[in-house]
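Naming: A, B, ... by sequence-line order, numbering from 1 per chain. Source: prediction; values computed, not measured.
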Amino acid sequence: MDWHTGIRAAYPDALLTIQGNTLDDLVVTNQETGEPFEFDQALATAAAVIVAQEQALASAKRKRASAYTAEADPLFFKSQRGEATIEEWQAKVAEIRSRYPYPAEVTP
Amino acid sequence: MPITIAGSGTITGISAGGLPDGSITSDDLAAGAVTAAKLAAGVGGKILQVVSTQYETPTTVSQSANTHADMPFSVNITPTTSTSLMLVSFSLMGETGGAPWDALAAFARTISGTRTVVLPSSYGSRAPGIVAFSDTYASGNDNDSTPGGFYCHMFPDSGRPANTNTITYTPTATQRAAATFALNRTTSDTNSNGFERGISWITVMEVAA
């Protein structure tokens, strides 16, 4: 996990400089005091998981929107002109949703 | 012209070039006796010293709105003379974590604990800095995998105080809205080839006036 993301999500109001990658080399400094900033690892980990879920949801929404525009919308308009069926359009929408699923914890 | 050796310790009457070639060695000169004014144009060089810091650690830095935040690396330089010019160069690789079109960089000059960010002398309510962010793909907010950089080349720090006190130069960066600047990494820093890492640095050269 990215500790930078987790710590910043857990302490959104803190002005921090975070250096390093892992718990072994991580240096977190309070910019206002210049002193080391003590953070709760469990809190940061939980926050990172939430951020990751939010990012996954946002990514899936972006990909679905793009695919709807490129693949499903033409079928819908074709169905309106009698050149395709509503069922074909609905099947394409379902296929796109299956291709880019939302995170398990999120209701579509 | 006769050569005269006076009892006062002086010798007169030696014509220019009158000493045998090679008879004067560097040991015959007092330390520091050769000044810049005694050098012909283009001889001897003007770069008095060069100091540099290279910084590789992937880092994120909080930025309050409209406030220049220090990057976590700097260089110290003690001027050789009070009149020499400092040429400040730095490069910051990273991602703005917000709107790249609002991002600016400058540097802080700290002397004896007093920090001064070098900015335009007049900017009203505008956002001040020295250089703007150069983005690799400026199509939207810059908060995931799109790095860019601040590049400042040989900025003449002509406003430094005319003394020989040690100066600490630190790159700074700001944005209009509060944000987190990702330094030497992208914002999300995913371990994949769509997410970049880099190296930042600052170099200061002291040039004789």
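Heavy-atom neighbours of chain A within the stretch residues 67-84 of chain B, taken at a separation under 4.5 angstrom, comprise P72(B).
For R8(A) and S62(B), the side-chain atoms include at least one donor-acceptor pair closer than 3.5 Å. D189(B) and T186(B) share no donor-acceptor pair across their side chains, judged by distance under 3.5 Å alone. A donor-acceptor contact closer than 3.5 angstrom links the side chains of S200(B) and N184(B). Side-chain atoms of Y55(B) and Q19(A) form a donor-acceptor pair, as typed in the model, at a separation below 3.5 Å.
Heavy-atom distances place the side chain of T180(B), and not its backbone, under 4.5 Å from chain A. Contacts of A52(A) with chain B are absent, with no heavy-atom separation under 4.5 Å from either backbone or side chain. For Q31(A), the part sitting under 4.5 Å from any heavy atom of chain B is the side chain, from C-beta outward, and nothing else.
Salt bridge absent: R185(B) and E56(B) never bring a charged side-chain N and a carboxylate O closer than 4.0 Å. We find that E88(A) and K92(A) are not joined by a salt bridge, their nearest charged nitrogen and carboxylate oxygen being 4.0 Å or further apart. Between K78(A) and D73(A) there is no salt bridge, since no side-chain nitrogen of the basic residue lies less than 4.0 Å from a carboxylate oxygen of the acidic one.
The greatest number of non-hydrogen atom pairs below 4.5 Å with chain B, out of V51(A), T29(A), T5(A), I18(A), is found for I18(A).
In terms of the ring-ring contact (aromatic ring centres under 6.0 Å, His included) criterion, residue partners of F181(B) (sequence neighbours excluded) are, by chain and number, F150(B).
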